[in-house]
4 protein chains.
Amino acid sequence: MGIAAIGKRRWAIAEGYLPAGPAGASRELSSHETACILNAGERDAHVEITLLFADREPAGPYRVTVGARRTLHLRFNELHDPEPVPVGTDYASVFESDEPVVVQHTRLDSRQAALALLSTLAYGAE
Amino acid sequence: MGIAAIGKRRWAIAEGYLPAGPAGASRELSSHETACILNAGERDAHVEITLLFADREPAGPYRVTVGARRTLHLRFNELHDPEPVPVGTDYASVFESDEPVVVQHTRLDSRQAALALLSTLAYGAE
Amino acid sequence: MGIAAIGKRRWAIAEGYLPAGPAGASRELSSHETACILNAGERDAHVEITLLFADREPAGPYRVTVGARRTLHLRFNELHDPEPVPVGTDYASVFESDEPVVVQHTRLDSRQAALALLSTLAYGAE
Amino acid sequence: MGIAAIGKRRWAIAEGYLPAGPAGASRELSSHETACILNAGERDAHVEITLLFADREPAGPYRVTVGARRTLHLRFNELHDPEPVPVGTDYASVFESDEPVVVQHTRLDSRQAALALLSTLAYGAE
């Protein structure tokens with residue numbers, strides 16, 4: 001596949017929130033918040049994620065690797081090292097990668113009967 | 001945390017609307033419209049917000065401070081000075097900060113039984 | 001209000017669709033698709049809108065004026081001149097303004113019991 | 001129609017997911033994921049789409065043509081050559097066009113009773 005790398009090395013998501021409360025019928029439909037990271041290039045991307053909060057010091061960095069020509073749909077509630085992401089708390093996130101990537105933010109919320117989804121491109125800066 | 005400032009100093013959200021009508025079961029699930037402001041830098045950001053309308057002069061500026069390495073999830077219906085944000089009225093908003101920030105726009109709507117959420121990055125300009 | 005103009009003069013929304021079918025309980029909750037146009041500057045913005053389709057020539061231009069320091073939340077189903085926007089048909093839209101503006105795309109869909117909302121910033125180019 | 005080309009030649013959507021499960025009441029309301037591609041220019045745009053996954057090599061390229069001054073609302077589940085898009089699997093997509101286009105990503109999800117919609121501009125790079 002001759003596609004070239006695309007994207008930027010720094011991204012920010014200003015909106016973040018992990019709902020507390022009961023889980024959905026399955027992992028697929030459970031409430032979750034995801035950062036989709038696309039690495040279209042020929043080299044693995046090493047990404048450091050820092051979480052920022054309203055009233056405490058930032059958490060992190062969390063480290064993930066997105067393989068060359070791969071995409072990673074990262075669930076924030078599966079980040080545990082150096083500490084879990086708190087539920088019921090507003091947060092924001094900053095992504096710093098050693099290769100160009102594209103970051104998109106998506107949420108599924110199953111607290112009420114109806115499924116709600118949102119998605120938006122993160123803010124990218126070189 | 002060695003992360004650097006990210007973002008821009010001027011942002012605009014063209015779409016804004018605070019629904020009137022009954023509140024939800026809790027503050028968390030009540031209808032609201034939020035501007036999430038992320039300040040990843042080392043200095044506090046002083047942000048002035050101006051609201052624009054269809055058929056009257058703009059309101060504001062409203063002033064908020066987002067601490068260094070902090071995020072503020074600002075609910076428009078909690079802005080009261082110099083005047084409350086009117087409900088049931090279309091508006092838009094412009095953000096002017098003395099430090100780089102990232103602004104994302106999110107709405108929760110509980111007027112009907114199902115929860116609806118939308119979110120989108122604001123338009124950023126230096 | 002000392003805010004300056006913000007935005008770009010050309011915008012595009014690639015996704016557009018006016019659902020057919022029964023209206024909602026009120027104008028406020030009826031299905032609609034909106035282009036929110038913000039003009040934060042000191043001069044009126046004259047905007048020409050062209051609609052593009054899958055299998056016919058474009059329609060328009062439709063002309064609207066957004067006053068200085070005003071926002072216009074334009075419903076596509078209220079565009080009638082030179083022709084109404086067809087329902088049940090995919091379309092896209094291009095906005096050309098003589099002043100910088102910001103364009104955001106929002107849809108309310110009341111075809112089913114639950115309210116669905118989406119919103120995203122349009123693509124802006126100078 | 002004197003409108004000029006608008007957009008970029010390379011686009012990426014980091015988030016992609018085709019739900020498995022029962023279809024909706026009609027094609028219009030069935031779960032689907034769409035890439036809306038707008039070509040406002042005077043020449044046909046030839047677009048190559050590559051899909052990237054979490055744990056296998058990319059698929060594609062899929063080839064589509066978007067006519068001059070036309071828009072194409074492409075459903076991913078209607079891509080079959082060189083292979084169908086797998087359901088229940090995270091993916092991402094990269095678009096490479098020989099003319100400037102605008103790409104927007106939209107999803108309708110009818111797995112549960114309520115209709116959920118999301119839409120966001122893709123990431124564009126020259």
Side-chain angles (χ1 to χ4, degrees), chain A residues 8-21 24 31 33-34 47-62 82 87-97 103-126, chain B residues 1-8 11 13 24-30 32-42 45 47 64-75 95 97 100-110 112-126:
Chain A
K8 294 179 181 279
R9 289 183 172 79
R10 304 191 72 219
W11 292 85
I13 300 172
E15 206 265 337
Y17 186 79
L18 284 183
S31 290
E33 185 148 283
T34 304
V47 184
E48 291 193 353
I49 305 166
T50 302
L51 304 183
L52 296 99
F53 302 93
D55 50 14
R56 51 156 283 191
E57 284 296 300
Y62 301 86
V87 298
T89 300
D90 293 328
Y91 66 92
S93 48
V94 174
F95 297 74
E96 310 197 272
S97 171
V103 177
Q104 190 172 342
H105 169 223
T106 300
R107 180 188 297 154
L108 172 66
D109 189 322
S110 59
R111 280 176 297 179
Q112 296 197 348
L115 193 60
L117 280 167
L118 67 87
S119 185
T120 192
L121 194 65
Y123 172 80
E126 198 52 38
Chain B
M1 316 302 300
I3 59 170
I6 183 169
K8 295 180 181 281
W11 292 86
I13 301 172
S26 66
R27 179 179 183 275
E28 185 177 275
L29 290 180
S30 295
H32 63 262
E33 185 148 282
T34 304
C36 298
I37 311 175
L38 165 61
N39 175 15
E42 296 295 315
V47 184
V64 297
T65 299
V66 187
R69 298 185 306 278
R70 293 292 186 276
T71 183
L72 175 67
H73 290 204
L74 175 73
R75 292 191 178 198
F95 297 73
S97 171
V101 295
V102 176
V103 177
Q104 189 172 342
H105 169 221
T106 300
R107 180 187 298 155
L108 172 65
D109 189 322
S110 59
Q112 296 197 347
L115 193 59
L117 280 168
L118 67 86
S119 185
T120 191
L121 194 64
Y123 172 81
E126 197 53 38

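These numbers were taken from a predicted model, which means no experiment stands behind them.
Rounded to the nearest 0.5 Å, atoms CG (A/D90) and CZ (B/R70) are 13.5 Å apart. Taken to the nearest 0.5 Å, the CZ atom of B/R69 stands 4.5 Å off from the CD atom of A/E57.
When the side-chain contact (heavy atoms from CB on, under 4.5 Å) test is applied to B/L72, the partners found at least two apart in sequence or on another chain are B/V64, B/V66, B/L74.
In plain terms, the two heavy atoms of B/C36 and A/E15 that are nearest each other are SG-CG, 3.2 Å. The nearest pair of heavy atoms linking B/A40 to A/L52 is CA-CD2, 4.1 Å.
The shortest distance between side-chain heavy atoms of B/K8 and A/Y123 falls below 4.5 Å. Between A/V94 and B/V102 the shortest side-chain heavy-atom distance does not fall below 4.5 Å.
For B/Q104 (side chain) and A/A14 (main-chain N/O), a donor-acceptor pair under 3.5 Å exists by modelled atom type.
Among the candidates B/V101, B/T71, B/I37, B/L38, the residue making the largest number of heavy-atom pairs closer than 4.5 Å to chain A is B/T71.
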